[in-house]
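Here is the structure we will look at, set down as structure tokens.
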Amino acid sequence: MSSWRSAARRWMRAPKAGRPEPLRLRAAGEMLSEAVVPGTVQVPAGGQPIALLADAQTTGGYPRIAQIAAVDLPLLAQARAGTPVRFEEIPLAEAQALYLLQELAFRRLEAAVRARIESL
């Protein structure tokens, strides 16, 4: 299994109007509903990819083309409409390692803040 990071294919974070050329499906139809999580990229019938974020539903029946690495979700969520976004495929192990490094950085920051507060 792979995850995706921002880099290889160019997409644009956009409101409903003004999106790039839609993806074309080889065969029409939807899939059976399955669990989805923040970071799942679905392609509804209109062909415009949708990256599910914190407000993601729990199940979805649209074709899923990617899973964005959890470490990159805050970056995507904070991107303004019109911001170019690129994705590159990475191994699951790399996505997990990046996430663990991010968690370690957060824990170090928390410890430094606590130490600073206690020193006041």
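Throughout, numbering of the chain's residues begins at 1 and tracks the sequence.
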So which atom in [X] and which in [Y] form the shortest heavy-atom distance, rounded to 0.1 Å?
{"X": "Ala56", "Y": "Val37", "answer": "CB-C, 4.4 Å"}
{"X": "Pro49", "Y": "Val41", "answer": "CB-CG1, 4.0 Å"}
{"X": "Ala95", "Y": "Ala69", "answer": "CB-CB, 4.1 Å"}

#### Entry: salt bridge (charged side-chain N to carboxylate O under 4.0 Å, His left out) pairs, two or more places apart, involving residues 33-46
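Listed by first then second residue: Glu34-Arg64.
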### Task
Output all residues satisfying side chain to side chain contact (heavy atoms under 4.5 Å, CB included) with Arg108, sequence neighbours left out; order by chain, then residue number.
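Counting only residues at least two positions away or on another chain, Arg108 forms a side chain to side chain contact (heavy atoms under 4.5 Å, CB included) with Leu104.
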### Task
Could you pull out all residues at least two apart from Gln96 that satisfy side chain to side chain contact (heavy atoms under 4.5 Å, CB included)?
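Only Leu92 meet the side chain to side chain contact (heavy atoms under 4.5 Å, CB included) criterion with Gln96.
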### Query
How many angstroms lie between atom OH of Tyr62 and atom OG1 of Thr40, to the nearest 0.5 angstrom?
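So the gap between those two atoms works out to 14.5 Å.
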### Query
To which residues is Ile117 joined in a hydrophobic cluster, defined by side-chain heavy-atom contacts under 4.5 Å among Ile, Leu, Val, Met, Phe, Trp and Tyr, whether direct or through other members?
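Once heavy-atom contacts under 4.5 Å are chained together, Ile117 belongs with Leu109, Val113.
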Let me check something: do [X] and [Y] share a hydrophobic cluster, defined by ILVMFWY side-chain heavy atoms less than 4.5 Å apart, either directly or through other members?
{"X": "Leu76", "Y": "Tyr99", "value": "no"}
{"X": "Ile65", "Y": "Val85", "value": "yes"}
{"X": "Ile68", "Y": "Leu53", "value": "yes"}
{"X": "Ile50", "Y": "Val36", "value": "yes"}

### Query
Quick one: side chain to side chain donor-acceptor pair (under 3.5 Å) pairs with a partner in residues 111-120, sequence neighbours left out?
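Side chain to side chain donor-acceptor pair (under 3.5 Å) check on residues 111-120 returns Glu110-Arg114.
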### Task
If a pair satisfies side chain to side chain donor-acceptor pair (under 3.5 Å) and one of its residues is in residues 49-58, list it, with sequence neighbours excluded.
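Non-adjacent pairs meeting side chain to side chain donor-acceptor pair (under 3.5 Å): Gln42-Gln57.
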### Query
Is Gln67 reaching over with its side chain to a backbone N or O of Pro38, donor-acceptor style, under 3.5 angstrom?
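Yes, because the side chain of Gln67 sits within donor-acceptor range (under 3.5 Å) of the backbone of Pro38.
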